[in-house]
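Report on one structure; see the data block that follows.
As a basis for the values below, the full set of heavy atoms in this structure was taken, side chains included, without hydrogen atoms, waters or symmetry mates. Each ligand, and each atom within it, is numbered from 1 in the order the structure gives.
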Amino acid sequence: MNLTSRISNFEFENPLMNASGVWCKEAEQLDELKRSQAGTFVTKSATPQQREGNPSPRYVEVPLGSINSMGLPNKGFDFYLDYSLRYQNENPEKINFLSIAGMCADDNLEMLKKIDSSDFKGITELNLSCPNVPGKPQVGYDFEATEKILSQVYEFFQKPMGVKLPPYFDFAHFDQMAAILNKFPLQYVNCINSVGNGLYIDTDSESVVIKPKDGFGGIGGAYVKPTALANVRAFYTRLDSQIAVIGCGGVENGRDVFEHLLCGAQMVQIGTQLAKEGPQIFDRVLSELQTIMKEKGYNSIDDFRGKLKSI
Ligand code: SIN
């Protein structure tokens, strides 16, 4: 069965990968992803310098998913660039995604300049959607700021790049954001980051469950699948065909992956459920996806990708 997926000129054996932030901060975790059945992996969103992130508890599994306010804990940009360079040297036929999330536009420009002048051959992800840094609004909800940073980036940046978007909830916003993204030579957009600033409450203790931001955090898992699918579909149908869509949100099994692919995703990321099960999840989900494809008589993902039917 052919599970090949593509972003730009890059080809992956299958569409599965981790969501940035999950199982990808430490070298040991990235090593496990490398050895897993995932088609590729993305590194933790990096800031120029190492960050401790928000105080704990900052990630909690809840009945239908997770709530987190990690606050971008990471080992610093150089660590993830070095890791990616070593990976491509050891595996010349493979590439990974390198995610960055500066605290301000200048941070992002500084990291992108370093990537541009490095030997990195993979794909860069510019995260415009972290909801968890106190005092830092999500750039992806500010249309002007998004257009401005992309204009600044493409004054010099020559390498493959995509952006990670927050979820949108209104057709006007899908239209406006897609029109902005279509102005740039992006390789992909990633839909969606967590649904920002939800509040999960423990009724027994009458308390919030995470410490940062008085309990407000990004919601992931089954809660967000319909929102993720809507964003994948909305951008797949609005973006120029050379901009691929990566689907992320609510993926627990092969059926969820199938749905993201049907909406038009090229790659599908797993976050909350990867945190729960570990990298062996990719074996299970891949075999579930293949079972569904076999039942439906599909030999390749291209047979059904994007072909969601209307009624
Ligand atoms: C975090 O580190 O707070 C999560 C990253 C993100 O949501 O972009």
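Checking only distances, S194 never comes within under 3.5 Å of ligand 1, N or O to N or O. When only interatomic distances are considered, the shortest N/O to N/O separation between N127 and ligand 1 falls below 3.5 Å.
Using a 3.5 Å distance cut-off with no hydrogens or angles, the side chains of S45 and N74 do not pair a donor with an acceptor. With no hydrogens or angles considered, a side-chain donor-acceptor pair links N132 and N68 at under 3.5 Å. Remark: the T40 side chain and the N96 side chain contain no N/O donor-acceptor pair separated by less than 3.5 Å. Counting only N and O atoms by type, the side chains of N54 and S69 include a donor and acceptor under 3.5 Å apart. Residues S84 and D82 have side chains that never bring a donor and an acceptor to within less than 3.5 angstrom of each other.
Of all the atoms in ligand 1, the ones that sit under 4.0 Å from a non-hydrogen atom of K44 are 1 (C), 2 (O), 4 (C), 5 (C). For ligand 1, the atoms closer than 4.0 angstrom to any heavy atom of P131 are 7 (O). Each of the following atoms of ligand 1 lies closer than 4.0 Å to a heavy atom of M70: 1 (C), 2 (O), 3 (O). Within ligand 1, the atoms closer than 4.0 Å to a non-hydrogen atom of N132 are 1 (C), 3 (O), 4 (C), numbered from 1 in the order shown. Heavy-atom contacts of L72 reach the following atoms of ligand 1: 1 (C), 2 (O), 3 (O), 5 (C) (cutoff under 4.0 Å). Ligand 1 places these atoms under 4.0 Å from at least one heavy atom of P73: 2 (O).
By the 6.0 Å contact criterion, CD on Q290 is enclosed, its count of non-hydrogen atoms from other residues, nucleotides or ligands being greater than 12. The 12-atom threshold is not exceeded at CG of D119, counting heavy atoms of other residues, nucleotides or ligands nearer than 6.0 Å.
With F97 as the partner, the ring pair (Phe, Tyr, Trp, His ring centres under 6.0 Å) test is satisfied by one option alone out of F41, Y188, F10: Y188.
Heavy-atom distances between G71 and ligand 1 reach below 4.0 Å in at least one pair. Taking a 4.0 Å cut-off on heavy atoms, R58 fails to register as neighbouring ligand 1. Proximity of G53 to ligand 1 is not established, as no heavy-atom distance is less than 4.0 Å.
The proximity of N54 to ligand 1, defined as any non-hydrogen pair under 4.0 Å, does not occur for either the backbone or the side chain. Residue contacts with ligand 1, taken as heavy atom pairs separated by less than 4.0 Å, do not involve R51 at all.
Salt bridge annotation for E147-K183: present, with a cationic side-chain nitrogen under 4.0 angstrom from a carboxylate oxygen.
The protein non-hydrogen atom at the shortest distance from atom 7 (O) of ligand 1 is N193 OD1, 3.0 Å.
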